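See structure below.
In the text below, chain A, chain B and the rest are named by the order of the sequence lines, each starting its count at 1. Note that the structure is a prediction, hence the values are computed from the model and not measured.
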Number of protein chains: 2
Amino acid sequence: MQLLLVEDNQTLGQAVEIGLSQRQFTVTWVRTGAAAISNFNRQEYDVAILDLGLPDIDGERVLQSIRKKGVDIPILVLTARDQTSDIIHLLDAGADDFMTKPFDVNELAARLRALLRRRSGYASATIECGPIAIDTSSREAFVNGHEITLSRKEYELLQLFVMQPMKVHPRDKIEALLSSDTHVVESNALEVHVHNLRKKLGQRELIETIRGVGYRLRCKN
Amino acid sequence: MQLLLVEDNQTLGQAVEIGLSQRQFTVTWVRTGAAAISNFNRQEYDVAILDLGLPDIDGERVLQSIRKKGVDIPILVLTARDQTSDIIHLLDAGADDFMTKPFDVNELAARLRALLRRRSGYASATIECGPIAIDTSSREAFVNGHEITLSRKEYELLQLFVMQPMKVHPRDKIEALLSSDTHVVESNALEVHVHNLRKKLGQRELIETIRGVGYRLRCKN
DNA sequence: AATTTATCTTAAGAAATATTTAAGAAAACC
DNA sequence: GGTTTTCTTAAATATTTCTTAAGATAAATT
C-alpha cells in the first residue's frame, strides 16, 4: 500500500515511517508543502498523511491545492491538539480524517486502513477485533456478524476500544473523550456505559477491567 | 532515563525534579537558557523539558538553536500561554509535545514516556529483566512469556525493580513510592506486597532481601 | 546457644474500587 | 408539545486490594 507522508518534524516523521513500514505500508516521506504538491501530482499513492505545521506552505493550502487538481485519495491530517474549530475547516477543505498529536501509531494505522477500505468500492469501513466489528462510516456494530444497537456514547466507547485493542485506556482519558465538558467530578457515568456495553456485547469478559487504571478490549487479532 | 530540565522557577522546578525522580527519571536541572544549550551539546540525555519563560534567552530560540545543532532528542515544552497559534510555532521549531502550566506531574511523566516510546519506533514499551518483562503502557507483566495478573501496588513495585535492576531499593524509598501518604509509621505492608509479588513471580529468589536496607531485583541484564 | 532483631507468612478485617439497579434529567425524535 | 430514547446520578451490592496484627522463621548479636 503506497502512502505519502508529509511531515517536517524529524522525530515524528521517522517514528511514523518506521511504524507504518512495519504495518505493510510503503512510505514516501517528504518534508515540505512544495514537495508534497509535486508528489501528489504524480498520483501514485493510495493514501496520504499531511501535517498541518509545515515550514513553507500552510497545510490547509496544500490540502486545497491538491484537491483542486482532482487528487481524490484519502488524506488524514495531523494537527496540534485541541484545534477543534480548525478541524471543521479541514474536513471542508477535503480532509477525510484527522488525528491530534501526540498519537499512537496503532490507531493511525487502523484509521488509515479504515479510510482505504471506505474508498475501495466495497465501501464498508469496517474494523474487526475478534468477534466484534464496527463500521466507522455507518456507525454500526456487530458481534459474531449480528448487528447490535448502540447508543452514541456506547458506540464511541466501542470504537475507541476496537481502534486500539489490547491497549489499556485510562478512565480519565475515556471520560475526556466521552464528555465534551472540560471537567466532570465524581461520576460513575463511564462505569454505567461500560456496563451497558458489556451487556449488549454479550460476552462480558471482552472488556477487561484494569483496576485503578481503566479498561481494555481483549481480543486476539 | 536521563532527563534535562530547563526551568528558572524554583518552586516549579523543584516539584518537577522530585516528581520525576520518583518516577525513575534521572533529572539534571538547569535554570538558564545558556546552561541549557551547553548541556544539550553534551548529548547525553534521553529527553528534555524546556520552559519557555527563561530569564536570559527566549525558550523558542533555545529550541531552534539546539535543533540546528542536530540535537534530536524529544523535547517537551512548558508554556503558560495556551494559545494554539504559539503551539504550532513551537512544534515547527522542533518541539515534540507541550504542556500548559499548571499541570499534573503524572501526566507529565506519562507524556515523557510516550515521547520516549515514539522515538524508539513505537516498539512496545516493554522492559525486560531476566525472565521478567513488563509493558509500561498496558501495565502487563510477564514471567517467561506468560502473563501474570498484578494488583496496582504489586505492579508498581515490580516496575520499580525492573527499571533499576540490581539496584538496592531502601525500604523507606519504596514505601514512599507505594503510599501516597506522606508518613506511614510501623507497618509491614511493604513486606506483604513483596511476599505476594514473589509468590506471583514464582521464582522467590528473584527479589533479594538486603537485610536492614531494602530489596533488589536479581537478574543478569 | 540463647537472645535480640528483622523479615516472612498467614489470615482476617478495613478500605478502596467496580458493578449493578433504578429513577430522574436531558436530549433527541416525531 | 408530547413521546421516546439516552445520559447521568445516586445508592446498594459485590469484588478486589490493602493494611493490620500476630505468630513463625531466619539472620545477626551477645
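One side chain, A:R198 or A:T209, offers a donor N or O that lies under 3.5 Å from an acceptor on the other.
Contact between the side-chain N/O atoms of A:R198 and the OP1/OP2 oxygens of C:dT19 is found at a separation under 4.0 Å. Not one side-chain nitrogen or oxygen of B:H193 sits closer than 4.0 Å to the OP1 or OP2 atom of D:dT17. At D:dT16, none of the side-chain N or O atoms of B:S151 fall inside 4.0 Å of OP1 or OP2 (strictly under the cut-off). OP1 or OP2 of C:dT7 has at least one side-chain nitrogen or oxygen of B:R171 nearer than 4.0 Å. For A:H195, no side-chain nitrogen or oxygen approaches OP1 or OP2 of C:dA18 to under 4.0 Å.
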*For side chain to side chain donor-acceptor pair (under 3.5 Å), just list the numbers for B:Q10 and B:R31, CA-CA rounded to whole Å, side-chain angles, deciding distance to a tenth of an Å, and then say yes or no.*
CA-CA 9 Å; B:Q10 180 68 24; B:R31 285 139 221 255; 2.8 Å; yes
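The nearest heavy atom of DNA chain D to B:T149 and to A:T149 marks one nucleotide each, and the one closer to the 5' end goes with A:T149.
Ion pairing between a basic and an acidic side chain is recognised when a charged N comes within 4.0 Å of a carboxylate O; A:E156 and A:R152 show such pairing.
Proximity note for B:R211 (side chain, C-beta onward) versus D:dT9, C:dT7, D:dT20: the nearest is C:dT7. Proximity note for B:T209 (side chain, C-beta onward) versus C:dT20, C:dA18, C:dT7: the nearest is C:dT7.
Contact annotation for A:V192: base contact, defined as any heavy-atom pair under 4.0 Å involving a base atom. As judged by a 4.0 angstrom heavy-atom cut-off over every strand, B:Y215 is placed among residues touching the sugar-phosphate backbone only.
More than 12 heavy atoms of other residues, nucleotides or ligands sit less than 6.0 Å from atom CZ of A:R139.
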